[in-house]
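One structure is given here, and the rest of the page talks about it.
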Number of protein chains: 2
Amino acid sequence: MREYYTITELTREFGISTRTLRFYEDEGLINPVRRGRTRLYRPSDRHLVRQILRGRRLGFSISEIREIIQVYKAPPGEVGQLHLMIQKIEEKRQHLRQKRRDLEDTLQELDQAEEACVERLAELGVKT
Amino acid sequence: MREYYTITELTREFGISTRTLRFYEDEGLINPVRRGRTRLYRPSDRHLVRQILRGRRLGFSISEIREIIQVYKAPPGEVGQLHLMIQKIEEKRQHLRQKRRDLEDTLQELDQAEEACVERLAELGVKT
DNA sequence: CGATGAATTGACTTTTACGTAAATCAGGTG
DNA sequence: CACCTGATTTACGTAAAAGTCAATTCATCG
């Protein structure tokens, strides 16, 4: 496992622009270290980027992604904070479960649509 | 089952604004009938709205939602079109499967995060 | 040493998905 | 009829998430 990645390496790996990476940094989602002014991304930063993009694909906003990322970090030291955190996590899970329902419903309707197409083809005497 | 719904009925049912419904109409996603200038939504329109909102929650853009909705409609009459349609459907399914992977991965990381919290609580001598 | 190519910062622009305001209209009610 | 309520149209505004462009800096290779 490499120690550092450059910004362009990550843009290529993930198919995003440097602007996007810097934007996520401005938004406080990642914190690459610097050598001079140049950003160096650690494996942990790289993994964060992966998580961010996952959130993006799932339609979460930057601030929602920020909240999810908070959760991934080391657990807090105080008992009250820990309970709050667990509560937050459950909340996130609810959102994801809603999305999963939406997803399964959509998949099912796609199946139905395909079936209709296949039937129509059969009616037209096309062999499948 | 009701024959028609007014625009405000739908806004209340789905928790969206009239602006949003009219916007979706401008975008060609729905086509309520009219009595005079007033929009009347049929059960089929209502179902479309439900599908649109599902797509929205999953992070699809309007044009992606438009494509998905196309697929839900009655299958085309021509063989070539039918094959194209089936191809499109498979494509959509791929996108949804990607989202499902993202979703499961995120859920798993949330589980890990929660476990870390619980362990930390245990270390602090808090009974669960 | 000079040029070349990657990286940075900052400012401005764009696209998407609506929000909001103003003016108008239709239809029921007292 | 005056009025109110709910709907419509038109037009402009806006926040989020980047894209784009320009000016600079910096390292390093020949």
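In what follows, chains are A, B, ... by sequence order, proteins preceding strands, each numbered from 1.
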| task | Mind calculating the distance between CZ (B/Arg22) and C1' (C/dA21) to the nearest angstrom? | result | 13 Å
Show me the protein contacts with nucleotides 26-28 of chain D, counting only N or O atoms at under 3.5 Å.
none

| said: Between A/Leu110 and B/Tyr72, is there a side-chain heavy-atom distance shorter than 4.5 Å? | reply: yes
| remark: To the nearest angstrom, the OH-P distance between B/Tyr5 and D/dA7 comes to 16 Å
| query | For DNA chain D, whose closest nucleotide is more 5', that of B/Asp26 or that of B/Thr8? | reply | B/Thr8
Can you tabulate the close N/O pairs, meaning under 3.5 Å, that link protein atoms to atoms of nucleotides 12-18 of chain D?
residue : atom : partner : partner atom : Å
D/dA17  : OP1  : A/Ile62 : N            : 2.7
D/dA18  : OP1  : A/Arg56 : NH1          : 2.7
D/dA18  : OP2  : A/Tyr24 : OH           : 2.7

| Within the pair A/Arg39 and C/dT8, is there a side-chain N or O less than 4.0 Å away from OP1 or OP2? | yes
| field | Test item: B/Leu124 and A/Leu82 side chains (from C-beta on) under 4.5 Å apart, heavy atoms | value | yes
| field | Other cluster members, A/Leu84 - Ile/Leu/Val/Met/Phe/Trp/Tyr, side-chain contacts below 4.5 Å | value | none
| Starting at CZ of B/Arg35 and ending at P of D/dG6, how long is that distance when rounded to a whole Å? | 15 Å
| Rounded distance (Å) that lies between atom P of D/dG19 and atom CD1 of A/Ile16 | 9 Å
| note | From CD1 of B/Ile65 across to P of C/dT16 the rounded distance in Å is 13 Å
| Between atom CD1 in B/Ile7 and atom C1' in D/dG6, what is the gap in whole Å? | 10 Å
| message | Distance check needed: D/dT10 P versus B/Glu25 CD, whole Å only. | response | 12 Å
